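Chain A is the first sequence line, chain B the second, and so forth, proteins listed ahead of strands; every chain is numbered from 1. Just so it is clear, the structure is predicted and the values come from calculations on it, not from any experiment.
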There are 2 protein chains.
Amino acid sequence: MTDSTSTSTSIPTSTVGARLAPLAPDMFDAVCPSSVMPFRVGDKWTGMVVRCLEGGPRRFTELRVPLRAVTPKVLSETLRAMERDGLLTRTAYDENPPRVEYALTPLGRTLIPLLDAARAWSATHLPQLLAARRAHERDAS
Amino acid sequence: MTDSTSTSTSIPTSTVGARLAPLAPDMFDAVCPSSVMPFRVGDKWTGMVVRCLEGGPRRFTELRVPLRAVTPKVLSETLRAMERDGLLTRTAYDENPPRVEYALTPLGRTLIPLLDAARAWSATHLPQLLAARRAHERDAS
DNA sequence: ATGGCCGGTTACCGCAACGGAACCGGCGCT
DNA sequence: AGCGCCGGTTCCGTTGCGGTAACCGGCCAT
């Protein structure tokens, strides 16, 4: 997490993310409360994938832009697990170059209010939790 | 999880749990939707500890009754992490036999609505998720 | 002196999640 | 012939959460 540019393959930022509303450049930024929040939906990246898809379908490489901290392997694992659970659909178009689109299902969309609640909790109470943690570390030192 | 009686030390069920409203005998029962739900608050057991404490303070051994699937080591780790984060307080009384009480802080209580939301999601949508998973397994076989 | 109760601790270990780096196939472009 | 794009896969290594089993110290009752 110290060097978010060290992903294995470089991510082309051109031609990507122009079809829909822009996404945050790095959802896993340490500044973003959602990345530190003590809640998880499914696996580590599931919640953030839902966030990336709530505005509409996106392609694999498009997901890698806001989620640049996730390697293609882990992203592919996450997406397949979510497809298996009926949270999203994978649609491959037989074109060239190949195009694959991931879209939330209605079931996947039911997670959004939960993520909203978690985000609201973090905005309100996470500073307090982190302060308590720092205070405890101070006592231990 | 196949044999919940195989914990290291036996849990005395007498003299325990009589001070407050009774708790579910086994919160981690596979029948309980909360145990399968794809949400987590903090570590694996944090959410269930909050559930056990929302009715009032409880002692270490009292927590082990509804959470019989958790070993004392992991429970102690969970409780210390929650104390560090300001979610609960630990109060040791200098008596004999020793008595230690864990109680939620106001911050810890703010998690309850989130757990309620997660529980409601599970009750409504978890069957659909599990059905999708089973259907996918059927296709793979 | 043996055992029980309470609230843990210690040592050890297995597994799944996570991560890094490299590679792949099909096609089109130059 | 070589390169790039897209959407991944494969191999390997690490990390850390969680679990198992055993033990501890103080006190009291039998």
Is there a side-chain contact between A/Ser76 and the phosphate of D/dT9, meaning an N or O under 4.0 Å from OP1 or OP2? yes
Would you say D/dA22 has OP1 or OP2 under 4.0 Å from some side-chain N or O of B/Lys73? no
Distance-only, no hydrogens or angles: does the B/Arg99 side chain make a donor-acceptor pair with backbone N or O of B/Arg59 under 3.5 Å? no
B/Lys44, nearest nucleotide to its side chain (from D/dG19, C/dG26, D/dT9): D/dG19
May I ask you to evaluate whether A/Arg40 reaches the phosphate of C/dC18, defined as a side-chain N or O under 4.0 Å from OP1 or OP2? yes
Side chain of A/Trp45 only, heavy atoms from C-beta on: which candidate in D/dG18, D/dG7, C/dG19 is closest? C/dG19
In whole angstrom, give the distance that lies between atom CZ of B/Phe60 and atom P of C/dC5. 16 Å
First of A/Asp43 and B/Tyr102 reached from the 5' end of DNA chain C, by closest nucleotide: B/Tyr102
Would one find a side-chain N or O of B/Arg59 under 4.0 angstrom from OP1 or OP2 of C/dG7? yes
Minimum heavy-atom separation for A/Met48 and A/Leu67, please, with both atom names. CB-CD2, 3.7 Å
Select base, sugar-phosphate, or nothing to describe what B/Tyr93 touches, counting heavy atoms under 4.0 Å on all strands. nothing
Atom CG of A/Leu75 to atom C1' of D/dG8: distance rounded to whole Å? 10 Å
Is there a side-chain polar atom (N or O) of A/Thr71 under 4.0 Å from OP1 or OP2 of C/dG20? no
Starting from P on C/dG19, measure out to CD on A/Glu77 and report it in whole angstrom. 10 Å
For B/Thr110, check side chain to side chain contact (heavy atoms under 4.5 Å, CB included) against everything at least two apart and list the hits. A/Trp121, A/His125, B/Leu107
Before you tell me yes or no, could you show the steps for A/Glu83 and A/Thr89 under side chain to side chain contact (heavy atoms under 4.5 Å, CB included), namely the whole-Å CA-CA distance, both residues' side-chain angles and the distance that decides it to 0.1 Å? CA-CA 6 Å; A/Glu83 187 194 10; A/Thr89 58; 6.0 Å; no
In whole angstrom, give the distance that lies between atom CD of B/Glu101 and atom P of C/dG8. 12 Å
Here the distance between atom P of D/dC5 and atom CD of A/Glu95, to the nearest Å, is 18 Å
Could you verify whether a donor N or O on one side chain and an acceptor N or O on the other, from A/Arg80 and A/Ser76, lie under 3.5 Å apart? yes
Counting just side-chain N and O atoms, does B/Arg80 come under 4.0 Å of either OP1 or OP2 of C/dT9? yes
So which one's nearest nucleotide on DNA chain C is more toward 5', A/Asn96 or B/Leu79? B/Leu79
Shortest side-chain distance from B/Val74, nucleotide among D/dG8, D/dG18, C/dC6: D/dG18
Which residue lies more 5' along DNA chain D, comparing B/Pro97 with B/Thr78 via nearest heavy atoms: B/Thr78
Do A/Val65 and A/Thr61 have side-chain heavy atoms sitting under 4.5 Å apart? no
Nearest whole angstrom, please: distance from the C1' of C/dC27 to the CZ of A/Arg99. 16 Å
Here the distance between atom P of D/dG7 and atom CD of A/Glu83, to the nearest Å, is 15 Å
Please state how far atom CG in B/Asp94 lies from atom P in C/dC6, giving the value in whole angstrom units. 17 Å
